[in-house]
There are 2 protein chains.
Amino acid sequence: MDHFDYIDQQILLQIRKDARKPFSQIAEELKVSNSLVHQRIKKLKQQGVIKNAEFIVNEKQIGYRTKSYVGIRLREARYAEEVVQGLEKIEEIVECNYVSGYYAIFILIYAFDNQHLRKILYEQVHKIDGVAGTDSFICFDTNFKKPISLDAIVSKHAHD
Amino acid sequence: MDHFDYIDQQILLQIRKDARKPFSQIAEELKVSNSLVHQRIKKLKQQGVIKNAEFIVNEKQIGYRTKSYVGIRLREARYAEEVVQGLEKIEEIVECNYVSGYYAIFILIYAFDNQHLRKILYEQVHKIDGVAGTDSFICFDTNFKKPISLDAIVSKHAHD
DNA sequence: CGTGAAATTTTTTGGAT
DNA sequence: ATCCAAAAAATTTCACG
């Protein structure tokens, strides 16, 4: 990524918080033309800095009251790929990562309640061939969730 | 949440994937008027089903190549609140949860690289009063990331 | 690299069915 | 509860500095 200046940063700070904020309004605040905002956003897309825009769904509001991270241990490391394939079919699992440390795979699950979570684990996850066991880290509460800082990437190019 | 019908579901499926997709286009596909789409989205907002729209930032593209989940153990449980306050000040930590199980707190960190991660843990997290220790689950790869299913919430209201 | 203004498209509102 | 159509606003393009 090159040429990430103050304007880019300010635009990005705005649109990652509110993807539907009018470009014209951002332009006004930054005291630049709206075509410039338009061009910069286009550039950020082309560079792959931003992907799509998403409406954020409140999972609790639609009934998913149990959020849980789950660490998965494998019987043998070589089962990893087929286990991931099995996990992908379970719709309550919304994220899946290969990780370092005690677990081979780390997933995020949304379930209606704790019993539903238990059912998903016992009746689906544990039955996938290669899964040795799971440990659940049920989220009692999410204290905060915030976007990553952009400060470290802007100044590096200030002299361009 | 009440009255979540097929139209609501289809709209939600679309806008959570692409928050900037023209409502008029969604309307056309669903063969309803654009004012109806407009009204339904307004309703979904009022109900709290959807929050804001966000442009999704590619963290790798802006230099954050190390993603890691980190479990935090406390010296004593009662330190929880002040530890969270300390964690919130660290800008690389983007999410923080109270969890069940072996750890008290579970966080998500984005760092430039593994050394940067180590530095954040050793020089910042471990120095917060009340933190007994941490275990890192560095993500080698994110296999998938997908939105939660909406099927379970739509049919319940089909007869309204 | 940046702007201003025109052309196009979308959002939003309010009355009608 | 949904639609149509007008009004308001935003996006997008492009010639020019």
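The analysis underlying the following values was restricted to heavy atoms, covering all of them including side chains, and did not include hydrogens, waters or symmetry mates. All chains are named by letter (A, B, ...) in the order of the sequence lines, taking the proteins before the strands, and each is independently numbered beginning at 1.
- With sequence neighbours excluded, the residues satisfying salt bridge (Lys or Arg N to Asp or Glu O under 4.0 Å) with K21(A) are E29(A).
- Judged as a salt bridge (Lys or Arg N to Asp or Glu O under 4.0 Å), the pairs with a partner in residues 127-141 of chain B (not counting sequence neighbours) are, in order, R73(B)-D135(B), R75(B)-D129(B).
- Looking only at atom types and distance, the side chain of T66(B) has no donor-acceptor partner in the side chain of D113(B) under 3.5 Å away.
- Comparing K42(B) and I7(A) along DNA chain C, the residue whose closest nucleotide (by nearest heavy atom) sits nearer the 5' end is I7(A).
- How far NZ of K146(B) is from CD1 of I93(A): 6.5 Å, rounded to the nearest 0.5 Å.
- With sequence neighbours left out, V94(B) forms a side-chain contact (heavy atoms from CB on, under 4.5 Å) with I148(A), L108(B), Y110(B).
- Atom C1' of nucleotide dT11(D) and atom NZ of K45(A) are separated by 11 Å, given to the nearest angstrom.
- If you chain together ILVMFWY residues whose side-chain heavy atoms come under 4.5 Å of each other, I56(B) ends up in a group of its own.
- Annotation: side chain to side chain donor-acceptor pair (under 3.5 Å) contacts of E76(B) (sequence neighbours excluded): R78(B).
- Listed by first and then second residue, the salt bridge (Lys or Arg N to Asp or Glu O under 4.0 Å) pairs involving residues 49-70 of chain B are E95(A)-K67(B) (not counting sequence neighbours).
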Look for any protein N or O under 3.5 Å of an N or O in nucleotides 15-17 of chain D and output each such pair with its distance, or none.
none

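- Taking every heavy atom of residues 16-35 of chain A and every atom of DNA chain D, pairs under 4.0 Å involve P22(A), F23(A), S24(A), N34(A), S35(A), by number.
- Atom CZ of residue R16(B) and atom CD1 of residue I50(B) lie 12.0 Å apart, to the nearest 0.5 angstrom.
- Pairs engaging residues 49-85 of chain A under the ring-ring contact (aromatic ring centres under 6.0 Å, His included) rule: Y64(A)-F112(A), Y69(A)-Y69(B), Y69(A)-F106(B) [sequence neighbours left out].
- At distances below 3.5 Å, at least one donor-acceptor pair connects side-chain atoms of N52(B) with backbone N or O atoms of K17(A).
- Comparing the start and finish of the helix from dG2(C)-dC16(D) to dT17(C)-dA1(D), five pairs each, the helix axis swings through 20°, to the nearest 10 degrees.
- The footprint of chain A on DNA chain C, defined by a heavy-atom cutoff below 4.0 Å, extends from dG2(C) to dT11(C).
- Counting only distance, with no hydrogens or angles, the side chain of T134(B) and the backbone of V70(B) share no donor-acceptor pair below 3.5 Å.
- The side-chain contact (heavy atoms from CB on, under 4.5 Å) test applied to Q9(A) returns F4(A), Y6(A), L13(A), L150(A), D151(A), V154(A), not counting sequence neighbours.
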